[in-house]
Amino acid sequence: MPNLPEPGSAEAVNLGEPTEPREAATVILLRDREEDGSLEVLLLRRSAESRFMPSVWVFPGGSLDPEDGEGMHGLAVCARRELQEESSIELDESARLIPLARWVTPEVVTRRFDTWFFAAAVPQGQEPEHDRGESVDSGWFTPSEALDACRRGRINLPP
């Protein structure tokens with residue numbers, strides 16, 4: 001059984017009126033592993049000082065900014081921006097972002113997000129470089145490798 005990381009201050013229990021979730025977008029960046037063609041996803045390790053999910057390995061993403069726009073177009077702009085800010089990988093407008101899932105943080109958590117998850121292929125020739133601020137490490141994992149590393153206590157994943 002993996003050790004669960006200590007929650008950040010923004011993950012405190014909220015027993016009062018639920019907080020309105022912030023709109024957010026996340027990119028599940030995919031690539032084929034060179035050795036065997038296995039599908040890999042990019043995960044970034046959040047800083048230990050993060051208020052939300054400190055030291056947890058996550059997909060790159062974040063909150064929608066007003067300048068991103070509204071609706072699905074704004075969320076796609078947000079997803080591209082956050083990916084570039086956190087990993088230095090740039091998805092241009094022609095790169096296909098596929099809406100894959102939506103997750104809303106439970107009402108009992110202080111800071112809540114209404115997050116759209118988009119799938120995208122890594123652009124040819126680009127490698128991640130974590131920003132050393134929000135993200136302090138990065139790695140490519142097959143989904144089963146990430147889950148196994150979490151079970152063994154080598155990485156922490158979101159719930």
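Side-chain contact between Pro158 and Val58 is present, with at least one heavy-atom pair separated by less than 4.5 Å. For the pair Ile155 and Val56, the minimum side-chain heavy-atom distance is 4.5 Å or more. In this structure the side chain of Arg22 never reaches within 4.5 angstrom of the side chain of Arg112, judged on heavy atoms. Between Arg80 and Glu93, the closest side-chain pair of non-hydrogen atoms falls below 4.5 Å. Annotation: side chain of Arg154 is in contact with side chain of Asp148 (closest heavy-atom distance under 4.5 Å). Put simply, the side chain of Glu40 does not reach to within 4.5 Å of the side chain of Leu30, judged on heavy atoms. Side-chain atoms of Glu127 and Arg31, non-hydrogen and from C-beta on, do get closer than 4.5 Å to each other.
Applying the ring pair (Phe, Tyr, Trp, His ring centres under 6.0 Å) test to every pair with at least one member in residues 139-159, sequence neighbours left out, gives these pairs: Trp57-Phe141. Under the ring pair (Phe, Tyr, Trp, His ring centres under 6.0 Å) criterion, no residue pair touches residues 67-98, with sequence neighbours excluded.
Under the 4.0 Å criterion applied to side-chain N and carboxylate O atoms, Arg45 and Glu134 are not assigned as salt-bridge partners.
One N or O on the side chain of Glu145 and one on the backbone of Thr142 form a donor-acceptor pair closer than 3.5 Å.
Contact record, Leu97 with Ala120: CD2-CB, 3.6 Å, taken as the closest heavy-atom pair. Here the closest heavy-atom approach between residue Pro54 and residue Ala48 is recorded as CB-O, 3.4 Å. Between Gly61 and Glu86, the shortest heavy-atom contact is O-OE2, 2.8 Å. Between Gln126 and Ser88, the closest heavy-atom pair is OE1-O, 3.9 Å. Closest of all the heavy-atom pairs between Ser138 and Leu44 is CB-CD2, 3.4 Å. Contact detail for Leu42 and Ser87: the closest heavy-atom pair is CD2-CB, 4.2 Å.
When each of Thr26, Leu75, Leu83 is paired with Phe118, the side-chain contact (heavy atoms from CB on, under 4.5 Å) condition holds for Leu75 and for no other.
Two different hydrophobic clusters hold Leu100 and Val122 under the rule that ILVMFWY side chains link at heavy-atom gaps under 4.5 Å.
Evaluation of the side-chain contact (heavy atoms from CB on, under 4.5 Å) rule for Asp68 yields Leu64, Asp65, Val77, Cys78, Arg81 as partners, not counting sequence neighbours.
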- Message: If you apply the rule side-chain contact (heavy atoms from CB on, under 4.5 Å), what do you find for Phe52 with Phe113, and how did you get there?
- Response: CA-CA 11 Å; Phe52 190 79; Phe113 297 94; 3.9 Å; yes

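Annotation for Gln124: atom CD does not count as buried by contact number, only 12 or fewer foreign heavy atoms lying within 6.0 Å.
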